[in-house]
Amino acid sequence: MTDLLVRTYQVRFGDAILIVVPETVDGREVKRRILIDVGNAFKTEGGADEVFGPVVDDIAAMLDGEPLDLYVMTHEHMDHVQGLLYASQKLGKSLTARQTWLTGSSDPGYYASHAEARKQKIAALAAFRAVRSALAAVPARSALADAVLANNDPMSTSDCVDYLRTLAPHATHYVNREMPLGGLQPSTAASISLWAPEENVADYYGRFKKLAADLRIADDARLEDAAAPSDEPPDDSDLPRPLVGVDAGAFYNLLDMRHSSQASTLLQIDQAANNTSVVLCLEWHGWRLLFPGDAEQRSWKTMDKLGLVKPVHFLKVSHHGSKTGLPPNDILAKLLPLPAPDGRPRRAVVSTFHDTYPGVPDPPTLKRIAERTDLTSTMDLPPGQLYVDFTFPSR
Amino acid sequence: MKVRVPLMIMDPAGSQLGIDRLVEDWTGIEEDHYLDGPVTPRVAVVDLDPDTERNVPGATFRPPAGDRKLGAYAVDRKDFYSPNFIQVNAFGSVLRTMYMFEEPDTLGRKVDWGFDAPQLLVVPRAGWWANAFYERRSHSLQFFSFRPEGGAGDRVVHTSLSRDIVAHETAHSLIDGIARDLYDALDPQSLALHEGLADLTAVLIAFRSHTLCEAVLDKTGGSIEHSKAFSSIGDEFGDALNQSGHPLRDLLNDSTLPPDPADEPEEHELSLVLSGALYDFMCHLHAGARQRLAEETGKSELEVSGKALFEASERFKRLILRGLDYLTPGEVAFIDYARAILAADQASHPADEDRAHLIEELVRRGIARSPAELEVQTDFPSPAVAAADLQGLVDSDWVAYTFADKNRDLLSIPNYAEFEVLPRRVVTKQYYLDDYRRTKRTTPVTELLFKVRWSETEENPPELGAATRRIQTGTTLVIDWDKKVVRACLKPWDLKGRAPARTAMLRRLMTNGLVSFTSPAGAEAKSQPFGSGIDAVVTDGILRVHNTARLLHIARSVDDD
C-alpha cells in the first residue's frame, strides 16, 4: 500500500492542506482525498491571491477527475475560506466534493437556536463595527489592523462560506465534537474524530464576554442587522482634531492609544472565531495526525478538560504559529510528549507568512514546538516550490 | 480669575437626594486661563462621540461680565446627560480633587503629573464599556459609558458623572505624579495601595460636599460608623454592573491579609484591607471629635457631627496623603505605606493618642505583625544632615550623589548597589502640631524630600520569562529644612519577604496573557502592537516588568480563567 500523504500548500498567510488516504477496496487500492481549508489573508503581501491558481491546479491533478471525498472548512476566517471562491470566480477553476464539513456555528440556523451564542455573536459584530468605525478615523493606521479587520469582515466571509456550501449541495454538514460521524467517515481505513468545536460556541468568547456585556445589545437584536455593512468611512474633514489650547501631540497620542485598545478588542473577536475551528484528528495504521485549524488556548483547554488530547505524530501548527494558538505547556506536553511514546517520527508544519498578522508567527512559539518535533515552515520553502509533502507508511 | 462650575455630588440614579440637590456649585477653580472645552493649561476636556469618535463641541467659556464676578461655562445644570454638563462636571470634579491634594495643609504644592507634560486630558465619554481608567502613556483619564443589563429603557450610566469615579481616577493620576514607581511595581500591594488611596480620595471628596454631609448625618444621627453613604464607592456603577444593589467596593469592611503573601487576592480586593483599616481610623477620629466637641460646646453629638466630620476628615486627609511624600521609592508593601503615614503624622503630631488606634487596626488586619514593626523614629539629629549644604543638595546632582555615597549607612544603600538620586523636592506644609484639634495653625514647616533608588535582583521562576528578575527599591530621607534634623528616614521593611507575592502576581499576569515582551532597547515590539500595555523585557537573563498599574481600571477587566 502506498503511503498516506499530507500536502501543505504554500498559500502565504493561510491554510490549504490536502490529505490523501490510501485504502483497499475489493482488493484494489483506492485513494480518499480530504482538503482542509483553502484561503489566505487580505490586504497584505501575505494575502496575494495569485497563489491560488497553481494550488487549485495541483489539487485538481491529484483528484484525477474525481471529486474530493471531503472538504473541511475549519472556521469562518478569510485566510481559511476565500481561496476556492476566488479560484472559481476569477480563474474559472472549480472543485467539487462528495461531502463538506463546515464548522457547526456556520449553520445559517445556528444562532436562532443558540441564544447565548447568538448574543455573543451579535456583540462581536457590534464591536467589530465600532472598532472599524473608530479605526476609520485614524489617518495612518497599521496595515496589520487592516488585515485583522479584513479577515473578520462578516460580509466577505459570508460570500465565501456560501460558495463552499455549493461544493456538495446535498451533503453539506455542520459539524461539532458532539455529533456522531459514523456515516460521514470518508474512508474505511482511516478514522476521523473531532476534538472541537463544542456544540455551544458561546464559551469560546472568553474574555470578550465582559466587553460584550457593555455593548448596547438589545435582547431582540437581529443578527442580520448586526452583520449589515458598516457606514461609509468619513472624509478627512470629520477626523477628530484637538481643540484650541489642547496639547496637540498628547491629543494625537491619545487617539493612537485608544485605537490600539480598540484593535485589542478586534483581536478578541478574532480569537473567538478562531476557537470555533474544527479540530480534526485522523488515525491511520497507528499514525495520529492533528489538524486544529486556528484553535486558540481556550479551545485547547476545553479539549484537555474533556480528556481528548493525546500524543500525535503530525501536527499542523495552529493559527499560523501565533503565541495564542500554542497549547498551554501542560497540554503541549500531552500532545507532543518527550520522549515520543512509540518511537515513531514526529513532524509538524506551520503555514504562515511574515508581516501579515500582528505577532504571527511568534518565533518563541515555533521554537517551543521545534524542541519537541521536526518543524517545517512554509516560509522556508524555496521560491516557486508549491507545497511540502509529509508521508506516513502503512507499516 | 475664579470660575464657578456645577458639580454632581452623588451618582444621578438611585440617589435619595432630590434632583435639585444633586448638583452644587463650586467656586474654587482658579487657573491661569480658560478656553472652551473646558480647557486650561493643566486640564483639558477632550469630548469625542463614543460611537463615531468625532469631536463634540466643548462647553463655551463665559468670562465675568456685569454683575457676574466669576467666570463660568455655558451649561444647563439640570440637564445632567447633555454633553456640555458631562464635560463641565468632569472638568470641575478633576480640579476639585487636584486642589485637595495641593492645599497648604495637604502637600502644599502644585502636583506634577506622572508624565512629562503639563496637561492632563480628560475624556468624559470614551466609549461603551463599564469602566474608567487613568493612563500615563496617553496623559489621560478615560471615562466610559454603558447600558446596564436589564436596565430600564435607554438608561445609560456615564462613569464621568460619578463623583466617586472621577475623584478615584484623578487620584490615580495625582498619586502617579508623587510616587511614580508604583506604576511599574510588581508587588500587588503597591498596586493595591494605588487603588485603596484612590478610593479613600473619593471618600474625602464626598466629605467636602456640605449638602451630602448634612443629608447623611441627619439620617444617621450624626454617625458615619454604621452608614455606607460615605464608605461605599461607585454606588450606581456597582449596582448597574453587578445587578446586586451593592456598590463597587465598601470600605466599611473587615478584610485582613492572608498569612501567605502568595495567596493575596487581586489588587482591587486586596486594596480593601488597607482602605478598610484607614476608613476604620477615620470613623474613630470622627467619633472622638464628635464626643469632644459635644462636651466642649454642650451641644448634642448630632449638632456637632458636621463640624466633627470636617475636623476629622481634614486630619485624615493630611495623614493619608502626606504619607505619599514619605513613601520609599520602588516596590512598596502596605507596611511601608503604614510606616510612611505614621512617620509623617508623628513628625507633626508627636504626642497624639489616636495613632495607637490606627496601629492596633493595622496589626489586626495583618498589615504589620506587631506594633513594634510600625515604630518609626522621627525628628532626630544626624551629623550628616547637620553638616549638609541643603541648598546644594537641591541644586546640584553632584552634591546630592556625593552626600548619598558618603552616607550609605544612613540611607541603607548596599555597598554593591549603584544608586540613583531622584529629583529633590522642597515642600512647605501647614501643620497643626499639638493643637490641631482646635485648628490653630502654626508656622509652616519646610521639608526637603531626598530619595535614593537602586535595583535588586531576585530569583524568578524560569517559566515566567527568566531565571532572575530586577526590582526597584530605595530610601526616603525627609529633612526639616529649618532645624536641619531628620524628620524621618524610611527604607523598605521586608523587601525579600514580599518576593512570593511578586512571583504570584507575575504568574497571574502571564497566565492571563497580559504581559507583552518588548525588545531590549525598550522599543515597542513591532510584532505585538495590540498588547495589554504591561511590558516586560529580558536582558542578560534578567526580567524587568513595567506599567503594571495598567491593571488599575475602576472595575476588574480581566478574567482569571
Side-chain angles (χ1 to χ4, degrees), chain A residues 126-127 130 133-138 142 144-145 148 206-207 209-211 213-219 231 234 238-247 249-251 253-267 297-298 301 323-324 328-329 355 358-364, chain B residues 33-37 39-41 44-55 57-58 115 117-121 123 126-131 135 137-140 142 144-147 149 154 156 241 463 511-513 516-517 525-533 555-559 561:
Chain A
S133 173
L135 290 179
V138 187
S142 152
L144 302 180
V148 185
R207 202 181 296 165
K209 272 187 172 180
K210 275 191 175 148
L211 291 178
D214 302 329
L215 292 162
R216 297 177 299 167
I217 309 298
D219 286 342
D231 300 333
D238 282 342
L239 295 179
R241 291 183 171 79
L243 296 178
V244 174
V246 174
D247 178 343
F251 176 84
N253 185 47
L254 168 72
L255 292 189
D256 279 350
M257 297 288 291
R258 284 170 51 76
H259 298 143
S260 175
S261 167
Q262 285 149 351
S264 177
T265 300
L266 187 57
L267 280 188
Q297 294 210 347
R298 187 165 284 268
K301 287 177 184 173
K323 185 179 175 185
T324 52
N329 273 347
D355 293 338
V360 188
D362 176 50
Chain B
H33 63 255
Y34 307 88
L35 294 164
D36 296 350
V39 170
T40 66
V45 173
V46 174
D47 195 14
L48 302 172
D49 184 301
D51 288 319
T52 64
E53 202 163 84
R54 304 303 180 264
N55 283 111
F115 45 85
Q119 195 176 54
L120 178 73
L121 305 182
V123 189
W128 298 102
W129 190 17
N131 229 325
E135 187 176 57
R137 282 182 181 175
S138 62
H139 307 184
S140 69
Q142 298 188 41
F144 292 78
S145 309
F146 66 105
R147 288 177 193 257
E149 202 165 353
D154 286 343
V156 172
L241 189 64
E463 71 271 19
T511 302
N512 283 296
S516 303
F517 281 82
K526 282 186 179 175
S527 61
Q528 297 191 13
F530 301 152
S532 68
R556 290 184 62 197
S557 58
V558 175
D559 285 343
D561 52 350

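Just so we're clear, the structure is a prediction, and the values are computed from it rather than from any experiment. Each chain gets a letter, A, B and so on, in the order the sequences are listed, and its residues count up from 1.
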Sort B/V45 into side chain, backbone, both or neither according to what part of it lies under 4.5 angstrom from a heavy atom of chain A. backbone

Note: B/V46 and A/F251 closest approach over all heavy atoms is CG1-CE1, 3.4 Å

Does A/A250 offer a backbone N or O that forms a donor-acceptor pair with the side chain of B/Q119 under 3.5 Å? no

Bottom line for A/L254: the part with an atom under 4.5 Å from chain B's heavy atoms is both

State, yes or no, whether a side-chain contact exists between A/V246 and B/L35 at a heavy-atom distance under 4.5 Å. no

With distance as the sole test, does A/N253 use its side chain to make a donor-acceptor pair with the main-chain N or O of B/R137 at under 3.5 Å? yes

Check each atom of B/D49 against the heavy atoms of chain A and say whether the ones under 4.5 Å are side chain, backbone, both or neither. neither

For A/D247 and B/A117, the nearest pair of non-hydrogen atoms, with its separation, is OD2-CB, 4.3 Å

Distance col, row B/N55:CG vs A/L243:CG, nearest 0.5 angstrom, shows 6.0 Å

Residues in side-chain contact (heavy atoms from CB on, under 4.5 Å) with B/P41, at least two apart? B/D32, B/H33

